[in-house]
Amino acid sequence: MNPASSEIFVARQPIFKRNKEVFAYELLFRSSLANFFDPSQAGGEQATSRVITSSFLLIGLPRLAGGKKVFVNFTEDLLLRGFPTLFPRQEIVVEILEDVRVSREVVAACEALARRGYVMALDDFLFGKKLLPLVGLARIIKFDIRQLSREELARQVAVVLGHNPKLKLLAEKVETDQEFDYCKKLGFSLFQGYFFSRPKIVSGRDIAGSKLHYLQILRLIQDENYNFEQLAEIITRDASLAYKLLKYVNSAYFARAREISAIKGAVIMLGENNLRQWLSLMMLSYIADDKPTELLRQTIIRGSLCEQIAGLISPSSADSGPFHTAGMFSLLPAMLDKSMADILTEISLAAEVVDALLDRGEGVVTLALRLVIAYEKGEWQMAEEISRLLRVDFAALPPLFERSLDLLEAFDLSS
């Protein structure tokens with residue numbers, strides 16, 4: 001990659017508190033820092049810093065993190081050159097990679113950061129006495145729970161807290177609620193992984209009545225021959241929906257010169273396809289009212305990205321509905337605490353959407369959803385491979401991601 005390239009590939013992974021609310025986001029860049037430049041040529045680290053800082057300047061922290069802190073990885077060379085100070089200390093956590101050598105120079109650089117008020121985290125931590133100087137300076141230690149047995153994890157937690165009782169512990173790669181509960185018992189206060197999007201197995205539990213009603217509305221609006229007037233009537237009878245619709249159509253996302261104040265005008269402005277998609281999202285927000293807000297944020301981004309990728313696959317086609325539906329509905333298991341297979345028996349969807357949600361076959365909707373999930377996780381090699389299969393330009397994805405962040409801002413998830 002040309003270091004001067006304007007291509008910026010950024011993914012973000014949420015870091016949760018014990019109550020499953022978002023504490024911060026870890027930002028993942030297009031590739032490892034070493035791959036942005038030729039190490040044999042001078043100026044490589046500066047080129048790397050430009051790639052990172054450009055993402056902050058072009059996309060902006062408010063859009064990337066919504067006011068939360070961001071974790072940013074730093075190599076040994078970047079630490080020694082003082083690059084963390086390019087970022088506001090109130091907005092970032094300096095994440096020190098596991099392969100950074102604990103030299104006198106590194107310790108001195110970290111001491112300087114600590115004096116200036118920067119929060120530091122040690123990534124993929126495995127205890128060794130040589131790490132004690134950094135343990136004393138760090139505020140957060142990240143354990144990859146996939147690397148350690150439960151017994152060894154408990155031992156290492158006890159050791160580091162013995163040396164620095166003020167440390168916050170972050171558990172990485174938490175994938176089940178059982179792991180989440182175990183880590184909480186060990187004293188972890190921060191968590192990273194996909195546990196919040198995995199369904200719990202709840203014996204004998206059915207879908208609550210109101211959620212069943214929302215599912216029925218979802219079933220109605222997935223019908224290609226759905227009744228536009230009927231949907232408009234649903235909105236006008238629901239004060240909350242009407243209020244949110246007016247806020248949505250008057251948001252900066254649409255950049256309108258004049259505000260729309262009538263429900264009918266808002267419905268007409270959106271049109272049939274957009275109204276169906278917006279109402280689908282509202283139904284999902286009601287279904288997920290007892291779930292972490294991040295789940296709904298992720299739903300918005302997935303639906304938007306899938307829909308926009310449909311435009312890359314076939315610019316002349318206006319039928320992006322199946323792509324949008326697949327992206328939004330892909331998190332239904334976490335919202336309903338049921339398996340996808342069980343949910344699909346309760347709503348009627350097109351075959352291509354069903355295949356995508358069950359992750360089977362190689363259809364374009366399935367591949368688009370896989371691409372979005374790979375991008376979301378920062379699995380860049382996988383994302384590039386899927387892009388080639390879909391014959392879309394991987395470099396076109398960052399602007400689509402930014403557009404999805406714009407859409408995210410258009411929804412007031414607090415109301």
Side-chain angles (χ1 to χ4, degrees), residues 7 9-11 28 30 194 197 218-226 270-281 283-284 297-335 339-408:
E7 296 176 356
F9 301 87
V10 182
L28 305 172
R30 186 191 178 282
Y194 288 89
S197 62
L218 282 173
R219 180 188 303 163
L220 166 70
I221 59 186
Q222 297 315 309
D223 185 347
E224 292 182 1
N225 300 313
Y226 81 102
L270 278 184
E272 293 192 20
N273 189 51
N274 287 335
L275 179 65
R276 176 168 56 184
Q277 294 182 355
W278 177 84
L279 191 54
S280 294
L281 180 61
M283 293 303 101
L284 289 178
R297 292 192 183 103
Q298 192 174 347
T299 296
I300 294 171
I301 291 175
R302 280 194 187 181
S304 174
L305 270 176
C306 281
E307 179 182 4
Q308 294 180 85
I309 288 169
L312 296 181
I313 295 171
S314 181
S316 61
S317 174
D319 189 16
S320 61
F323 294 82
H324 185 268
T325 300
M328 282 206 313
F329 285 14
S330 61
L331 289 167
L332 273 177
M335 295 177 177
S339 72
M340 183 64 79
D342 287 341
I343 292 169
L344 291 176
T345 65
E346 295 154 350
I347 53 177
S348 178
L349 297 172
E352 57 187 337
V353 176
V354 171
D355 286 343
L357 294 175
L358 295 177
D359 192 28
R360 66 189 185 194
E362 299 292 323
V364 289
V365 180
T366 300
L367 290 176
L369 181 57
R370 287 177 190 164
L371 174 56
V372 166
I373 293 174
Y375 193 99
E376 176 186 288
K377 293 181 178 181
E379 295 175 349
W380 308 120
Q381 183 176 353
M382 175 69 72
E384 287 185 290
E385 290 174 359
I386 300 172
S387 295
R388 284 194 292 270
L389 288 174
L390 288 171
R391 297 182 180 179
V392 301
D393 182 7
F394 178 63
L397 295 182
L400 305 189
F401 178 66
E402 290 187 56
R403 179 69 171 166
S404 297
L405 292 176
D406 287 339
L407 179 59
L408 189 61

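Note that these values count all heavy atoms, side chains included, but never hydrogens, waters or copies made by symmetry.
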### Close side-chain approach of Thr325 to Cys306, heavy-atom, < 4.5 Å
no
#### Entry: Closest heavy-atom pair and its distance - Ala368, Ile309
CB-CG2, 4.0 Å
### Under the side chain to side chain donor-acceptor pair (under 3.5 Å) test, residues paired with Arg360 that sit two or more places apart
Asp355
### Task
Return the set of residues passing side chain to side chain donor-acceptor pair (under 3.5 Å) with Thr299 (not counting sequence neighbours), or none when no residue passes.
none
#### Entry: Spacing of Asp393 atom CG and Glu384 atom CD [to the nearest 0.5 Å]
10.0 Å
### Task
Please round to the nearest 0.5 Å and tell me the distance separating atom CD of Gln298 and atom CD1 of Ile373.
8.5 Å
### Query
Would you say the side chain of Phe323 lies within less than 4.5 Å of the side chain of Val353, judging by non-hydrogen atoms?
no
### Query
Does the side chain of Ile343 come within less than 4.5 Å of Leu357's, by heavy atoms?
no
### Query
What distance separates Gln308 CD from Arg403 CZ, expressed to the nearest 0.5 Å?
7.0 Å
### Query
Hey, are the side chains of Ser330 and Arg302 touching, using non-hydrogen atoms and a 4.5 Å cut-off?
yes
### Query
Can you find a heavy atom in the side chain of Leu358 that is under 4.5 Å from one in the side chain of Met340?
yes
### Query
Do any N or O atoms from the side chain of Ser404 and from the backbone of Leu400 form a donor-acceptor pair under 3.5 angstrom?
yes
### Query
Taking side chain as C-beta onward, heavy atoms only, is Leu397 less than 4.5 Å from Leu371?
yes
### Task
Measure across Pro322 and Val365 and return the closest heavy-atom pair with its distance rounded to 0.1 Å.
O-CG1, 3.9 Å
### Query
Should the pair Glu362-Arg370 be classified as a salt bridge under the 4.0 Å nitrogen-to-oxygen rule?
yes
### Query
Less than 4.5 Å apart, any side-chain heavy atom of Tyr375 and any of Pro398?
yes
## Note on the structure
The reported gap from CD1 in Ile313 to OG in Ser387 (rounded to nearest 0.5 angstrom) is 9.5 Å
### Task
Please round to the nearest 0.5 Å and tell me the distance separating atom CG of Leu369 and atom CD of Glu376.
9.0 Å
### Query
In Å and rounded to the nearest 0.5 Å, what is the CE to NE2 distance from Met328 to His324?
4.5 Å
### Query
Under 3.5 Å, side chain of Ser304 to main-chain N/O of Ile301, donor-acceptor pair present?
no
